[in-house]
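Below you'll find the structure, written out as structure tokens, and then a few comments.
All values below were derived from every heavy atom in this structure, side-chain atoms included, with hydrogens, water molecules and symmetry-related copies excluded. Here the structure is a predicted model, which means the values were calculated and not measured.
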Amino acid sequence: MSMPTTFLVLALCCPSRVLGASLPSPGGSAIQVDGLLVFLLDDERWDETWNLPLLGERLADHAITFHQAFVTTPVCAPSRASFLSGGYYPHNTGVLTITAPNGGASRFHDEDTIATRLWQAGWFTALVGKYINGYESLAPYVPPGWSYFAGFVDSLDWYDYQLVLGSSSGKSSTGKLFRPMEYVTEYQSGLALDALSQVGDEPFFLLFSTFAPHEPCSALPQDLGSYQGYEHRSGAFNEQDVSDKPRWLQVQPLLSDEDISSMDQDYSQCLDSMLAVDRAAMAVLDTLEEMGRADSTLVVLASDNGMLWGEHRLIRKGVPYDEASRVPLVIYHPGLEARDDQHLVSLDLDLAPTLMEIAGLAGASDGQSLLPLLWGESPSWRDELLLEAWTETPLPWAGLRGADWKYVEYVDGEQELYDLDEDPYEEQSLHESKKHAEIAASFAERLATTRGLAVTTTQLPQGTVAEDYLVQLQAWGGSPPYEWSIYQGELPAGLTLGVDGVISGEPLVTGSHELTYCATDSWVSPSTGDPMSHCWSAVLEILPGDSGELPTGDSGPAGTGGLDSGVAGRDSGTGPSTPGRRCSCSGSPSGPAGYVVLLFTFLLGVLRRWRVSFPKERPGGRAR
């Protein structure tokens with residue numbers, strides 16, 4: 001693909017800059033940027049970049065290291081979608097989790113992304129590696145805006161995986177599916193070099209997105225054992241007293257010696273796996289040197305989220321603790337002077353606006369360009385960052401993270417409050433401290449006006465056949481009023497869900513009815529143009545009435561009422577049959593007439609004791 005040559009300038013001294021013009025640097029020479037290279041790691045913690053020794057040494061003299069960099073949602077898919085969207089919160093991209101209905105690649109609106117904007121501006125755009133979780137459901141689909149697309153299909157086997165190779169324009173296309181039998185990082189390195197070989201004089205954007213160091217980590221034979229015996233121990237490791245923590249964490253047992261030994265083995269292998277990433281990064285930088293593009297390429301080292309390795313008894317991400325949301329962010333250019341930066345930045349919100357501003361592209365986002373910070377200026381900047389996640393364990397949560405304090409709320413009402421200056425490892429929550437009540441209340445007030453939409457009704461109370469059932473579904477955040485619908489499954493016959501979130505009626509069948517209900521708000525996302533939505537799955541258990549002989553819905557489709565199966569499942573007065581099985585007793589009426597008699601008898605009995613409430617409308621609808 002031939003594109004016009006564009007040379008862009010990153011001005012490091014003057015705030016009143018005109019991108020695209022040659023402006024002097026502090027050293028007096030023009031600083032040119034016609035390449036953007038992003039190394040995006042998977043689950044790399046902010047304090048782990050030492051495991052890339054070669055790359056670290058290569059970048060050290062001209063890199064800005066952001067020590068207070070976070071992702072707003074510490075889960076892979078939401079973080080990646082936010083960056084690709086141009087810098088929007090997950091509640092605005094609609095990608096809240098890694099799977100449908102709340103997330104995954106199928107939920108991502110890819111018509112307007114950093115890739116499409118750069119491509120339209122004449123840049124060669126390339127993605128090599130992991131795209132967004134759930135991409136396997138779309139393959140061999142190639143999203144729009146990629147001159148070179150090598151998207152890996154999710155796989156736990158680093159030697160046996162698939163990828164889609166193709167290219168697109170302003171519109172999506174269909175690529176080819178390949179199954180190479182080569183160690184994933186080495187194969188990815190070759191693809192990155194292949195992509196660079198297709199770059200002409202035009203500016204380029206290369207997103208090198210690795211599997212490493214995501215579990216289960218695999219290392220090449222020559223690297224395996226390089227960190228054998230390394231023990232990761234940080235503050236709050238296997239925290240002894242979690243009585244101040246929410247219930248979901250209080251029930252987590254202490255890590256046993258066996259747990260810790262296994263964790264140490266896994267962690268050392270993840271460190272081993274990064275050595276191949278280190279060599280791959282060096283191969284890419286060496287190729288840029290050969291192309292004569294190294295001095296004009298901005299290099300970014302980042303990660304989609306962090307990971308807890310034993311802190312608070314946990315080996316996981318998606319939780320509100322810093323080890324999950326704090327990530328490495330290093331930005332390198334030969335014209336920069338190396339230094340550390342302590343501003344509170346968001347990788348998933350701020351990086352894309354930065355890259356687009358370098359390219360001279362305007363565009364709205366929820367983030368801020370980091371260019372003033374690269375110049376060493378002191379611009380007006382955020383003093384706290386919204387964090388949120390829509391996980392199942394723990395329950396969905398939202399919080400505010402400032403420089404010195406962190407406040408978290410869960411949808412079940414539990415809270416956490418930490419003085420990070422005195423307690424950087426979040427070992428003692430102060431949410432019940434009267435001394436800090438005003439601080440917590442102030443955070444709660446601000447959080448209530450900023451958090452995204454989340455369903456807060458995570459359990460449904462039991463109901464009883466032929467008895468009134470009335471439940472108001474609840475949600476928080478977003479922009480009320482909310483509209484409710486059923487995404488999957490159906491309510492038991494006799495119950496309806498109104499758009500106002502009220503489940504009401506008198507259930508007619510017993511059994512466990514699993515359903516997924518969704519709340520949609522009145523917001524119009526600046527990213528997608530859609531409202532916010534969030535879905536939750538719960539089980540509604542309907543118990544028998546007083547007689548114990550009422551019909552079950554077990555043998556019919558869930559929630560369809562099952563009246564036919566319920567009537568056929570009862571005998572002619574000799575006692576109740578086994579729930580969920582059809583009775584073939586000799587005393588049972590047979591033929592159509594017999595079923596009519598049984599149905600009439602059942603309905604007559606119900607009408608005598610109860611007012612029958614049949615649904616006026618069929619609940620349905622699919623969350624967008």
Side-chain angles (χ1 to χ4, degrees), residues 72-73 78 82 85 88-97 100-103 107 109 364 366 386-392 395-400 407-415 441 443-461 463 468-491 494-505 513 515-538 540 559 613 615-624:
T72 62
T73 297
S82 288
S85 73
Y88 285 99
Y89 279 109
H91 62 243
N92 277 330
T93 68
V95 182
L96 310 180
T97 63
N102 292 315
R107 287 276 296 177
H109 290 246
D366 290 327
L386 173 66
L387 306 176
E388 51 192 347
W390 292 262
T391 50
E392 294 183 5
L395 290 173
W397 56 268
L400 292 172
Y407 174 77
V408 177
E409 287 183 5
Y410 297 84
V411 295
D412 62 354
E414 294 203 89
Q415 303 172 345
F443 271 111
E445 184 178 359
R446 295 195 300 279
L447 181 60
T449 63
T450 57
R451 61 193 174 197
L453 173 64
V455 172
T456 60
T457 302
T458 57
Q459 293 183 340
L460 296 174
D468 284 338
Y469 188 87
L470 184 66
V471 171
Q472 172 67 66
L473 300 179
Q474 302 283 349
W476 76 14
S479 298
Y482 310 128
E483 290 189 1
W484 295 83
S485 62
I486 299 292
Y487 174 83
Q488 192 170 34
E490 291 186 351
L491 288 165
L495 298 183
T496 61
L497 171 63
V499 293
D500 59 354
V502 175
I503 300 177
S504 61
H513 305 270
L515 64 150
T516 301
Y517 43 89
C518 305
T520 302
D521 75 349
S522 305
W523 175 250
V524 177
S525 166
S527 174
T528 66
D530 290 341
M532 297 186 202
S533 68
H534 181 228
C535 302
W536 191 262
S537 296
L540 176 52
S613 174
K616 296 180 180 179
E617 60 182 0
R618 180 186 179 92
R622 183 174 291 270
R624 299 183 67 186

Worksheet item: Which is it for Val499 and Trp484 under the side chain to side chain contact (heavy atoms under 4.5 Å, CB included) test, yes or no, and what are the steps along the way?
Response: CA-CA 5 Å; Val499 293; Trp484 295 83; 5.9 Å; no
Side chain to side chain contact (heavy atoms under 4.5 Å, CB included) between Val455 and Val411, worked out:
CA-CA 8 Å; Val455 172; Val411 295; over 6 Å; no
Nearest heavy-atom approach of Trp476 to Glu409 is CH2-O, 3.4 Å
One should read off an interatomic distance between His534 NE2 and Asn102 CG, to the nearest 0.5 angstrom, of 4.5 Å
For Thr72 and Tyr89 the tightest heavy-atom approach is CG2-CE2, 3.5 Å
Report, as yes or no, whether the 6.0 Å neighbourhood of atom CD on Glu392 holds more than 12 heavy atoms from other residues, nucleotides or ligands.
-> no
Exercise for the section: Start with the C-alpha distance between Thr457 and Tyr517, add both sets of side-chain angles, then the distance that settles side chain to side chain contact (heavy atoms under 4.5 Å, CB included), and finish with yes or no. Expected result: CA-CA 10 Å; Thr457 302; Tyr517 43 89; 4.0 Å; yes
Closest heavy-atom pair, Leu460 versus Leu540, reported as atoms and distance to 0.1 Å, is CD1-CB, 4.0 Å
request  = Verify side chain to side chain contact (heavy atoms under 4.5 Å, CB included) between Thr73 and Leu96, making sure each step is shown before the conclusion.
outcome  = CA-CA 8 Å; Thr73 297; Leu96 310 180; over 6 Å; no
side-chain contact (heavy atoms from CB on, under 4.5 Å) filter on Pro526, not counting sequence neighbours, yields Tyr88, Asn92, Trp523
Salt bridge (Lys or Arg N to Asp or Glu O under 4.0 Å) pairs touching residues 472-489, sequence neighbours excluded, are none
Between Pro78 and Thr97, the two heavy atoms sitting closest are CG-N, 3.8 Å
Quiz prompt | Parallel, tilted or perpendicular, as decided by the 30° and 60° cut-offs, for the rings of Trp390 and His91 | solution = perpendicular
Between Thr516 and Ser537, do the side chains contain a donor N or O and an acceptor N or O under 3.5 Å apart? yes
CG (Leu447) and CG (Leu386) are apart, to the nearest 0.5 Å, by 6.5 Å
All heavy atoms of Leu453 vs all of Ala475, minimum pair found to be CD1-CB, 3.8 Å
field: Min side-chain heavy-atom separation Thr496-Ser504 under 4.5 Å
entry: yes
Residues Gln472 and Val502: closest non-hydrogen pair is OE1-CG2, 3.0 Å
